[in-house]
Amino acid sequence: MMHHEDILGCVVTPNEATLVSLLSCCANLEGGGALIQGKQIHCYIIRNDVEVTVFLGTALISMYGRTGCLRNAVEVFDRMIAKEVCTWNAIICSLVSNGREKQALDMFQNMKREMMKPNEVTFVVLLTACARGKFVELGLRLFKSMSSEFAIVPKTEHYGCVVDLLGKAGLLEEASRFVDRMPFEPDASVLGALLGACKVHGDVELADNVGKKLLELQPQHCGRYIVLSNIYAEAGNWGSAAELRKVMLENGIDKIPAYSCIGSM
DNA sequence: CTGAACATCT
């Protein structure tokens, strides 16, 4: 399957980089990934006795995690002798994206026990786990521990995660105050999370405020208009919806596309 | 060479 002959009849054997790239493609393919193809690559690895290196193992975990095959992801992880921070991040992420927030957080304990130092990606994943599991206290503690315990300076992604954590738990007031107290200007991703929190809570007034700032930052981002307009609509605030429509036209966005802006790019 | 990453919209 994997051996290809070129025009001159040469046979090319895939090396580690080839297999890792292919697995990454399977994991990131839109529409839930390509599990069948990923499994075929795993089969190839087994049949040809290809050594499962740290890179290859991590790519396998990620592929299985993202295609919903958590069992296989865990199996690959358990068999790996050498693990790096990416390997741990991949398994924690697999657990989170398959609804096992608690287990993901337990895995972080194992990681620390094995003296593996987490990095900024680890915390994005952990904070996401807390947001989904509604573990507000723990999430805030983890966020604080980044700088105090692990010497990692939280970046805008982490602030966005905390806003999402508070927002999902219905703590809109806290989310808003958290943004106000950020050490740098909140960027679009943070304001986007706050706007999402407004939607959950149905707070039109704050949404109005945040939405205006957000549209100043991203006047061409049609998704932002959609969220804001939905918040207005849910509240029956047709006046604001009409006004928003005018702003859209002014910014040259004349129509909400049938499909996602991101999906069509 | 090659691996890990939140959330929101139709």
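Quantities reported herein were computed from a predicted structural model and do not represent experimental measurements. Letters A, B, ... mirror the listed sequences (proteins, then strands); counts begin at 1.
Regarding N28(A), its CG atom lies at a distance of 6 Å from the P atom of dA4(B), rounded to whole Å. Across the protein-nucleic acid pair, I253(A) atom CD1 and dC9(B) atom C1' stand 13 Å apart, rounded to whole Å. One interatomic measurement links the two molecules: CG of L228(A) to P of dT10(B), which rounds to 13 Å at whole-angstrom precision. Distance D187(A) CG to dT8(B) P: 17 Å, rounded to the nearest Å. Regarding M146(A), its CE atom lies at a distance of 12 Å from the C1' atom of dC6(B), rounded to whole Å. Separating the CD atom of E16(A) from the C1' atom of dG3(B) is a distance of 9 Å, rounded to the nearest angstrom. Protein atom CD1 of I231(A) is 16 Å distant from nucleotide atom C1' of dT10(B), rounded to whole Å. Between the NZ atom of K155(A) and the C1' atom of dA5(B) there is a distance of 10 Å, rounded to whole Å.
Ring centroid separation for the pair W88(A) and F77(A) comes in under the 6.0 Å cut-off.
Between M111(A) atom CE and L105(A) atom CG the span is 12.5 Å, to the nearest 0.5 Å. Atom NE2 of H42(A) is separated from atom CZ of R47(A) by 12.0 Å, given to the nearest 0.5 angstrom. For the atom pair L142(A) CG and T122(A) OG1, the distance stands at 11.0 Å (nearest 0.5 Å).
Only at 4.0 angstrom or more do the heavy atoms of residues 195-218 of chain A sit from any atom of DNA chain B, so none qualifies. The stretch residues 85-109 of chain A touches DNA chain B through C86(A), T87(A), N89(A), C93(A), each having a heavy atom within less than 4.0 Å of the strand.
With dC6(B), dA4(B), dT2(B) as the choices, the nucleotide that has an atom nearest any side-chain atom of S21(A) turns out to be dT2(B). Checked against dT8(B), dT2(B), dC6(B), the side chain of C161(A) finds its nearest nucleotide in dC6(B). Counting only heavy atoms from C-beta on, N15(A) has its side chain closest to dC1(B) among dA4(B), dA5(B), dC1(B). For E157(A), the listed nucleotide lying nearest its side chain is dC6(B); candidates were dT2(B), dA4(B), dC6(B). Of the listed nucleotides (dC1(B), dA4(B), dC6(B)), dC1(B) has the atom at the smallest distance from the side chain of A17(A). Comparing dA4(B), dA5(B), dT8(B) by their nearest atom to the side chain of T58(A) picks out dA4(B). The side chain of I226(A) has dT10(B) as its nearest neighbour among dC6(B), dA4(B), dT10(B). Picking from dA5(B), dC9(B), dT2(B) the nucleotide with the shortest atom distance to the side chain of V124(A) gives dA5(B).
Under 3.5 Å, the side chains of S189(A) and E157(A) contain no donor-acceptor pair of N or O atoms.
Using a 4.0 Å heavy-atom distance criterion, E120(A) is classed as making no nucleic acid contact. V227(A) comes within 4.0 angstrom of sugar-phosphate atoms only, judged by non-hydrogen atoms across all strands, and of no base. When heavy atoms are screened at a 4.0 angstrom cut-off, V54(A) is found touching base atoms of the nucleic acid.
Between F143(A) and Y159(A), the ring-plane angle classifies as perpendicular under the 30° and 60° cut-offs.
Using a 4.0 Å cut-off between charged nitrogen and carboxylate oxygen, K144(A) and E149(A) do not count as a salt-bridge pair. Ion pairing between E250(A) and K246(A) fails under the 4.0 Å rule for side-chain N and carboxylate O.
Closest approach of F123(A) to S145(A), counting heavy atoms only: CE2-OG, 3.9 Å. Taking each heavy atom of L172(A) and H201(A) in turn, the nearest pair found is CD2-CB, 3.6 Å.
At the phosphate of dA4(B), neither OP1 nor OP2 sits under 4.0 Å from any side-chain N or O atom of R66(A). OP1 or OP2 of dT10(B) has at least one side-chain nitrogen or oxygen of N230(A) nearer than 4.0 Å.
More than 12 heavy atoms of other shown residues, nucleotides or ligands fall within 6.0 angstrom of atom CD1 in I46(A).
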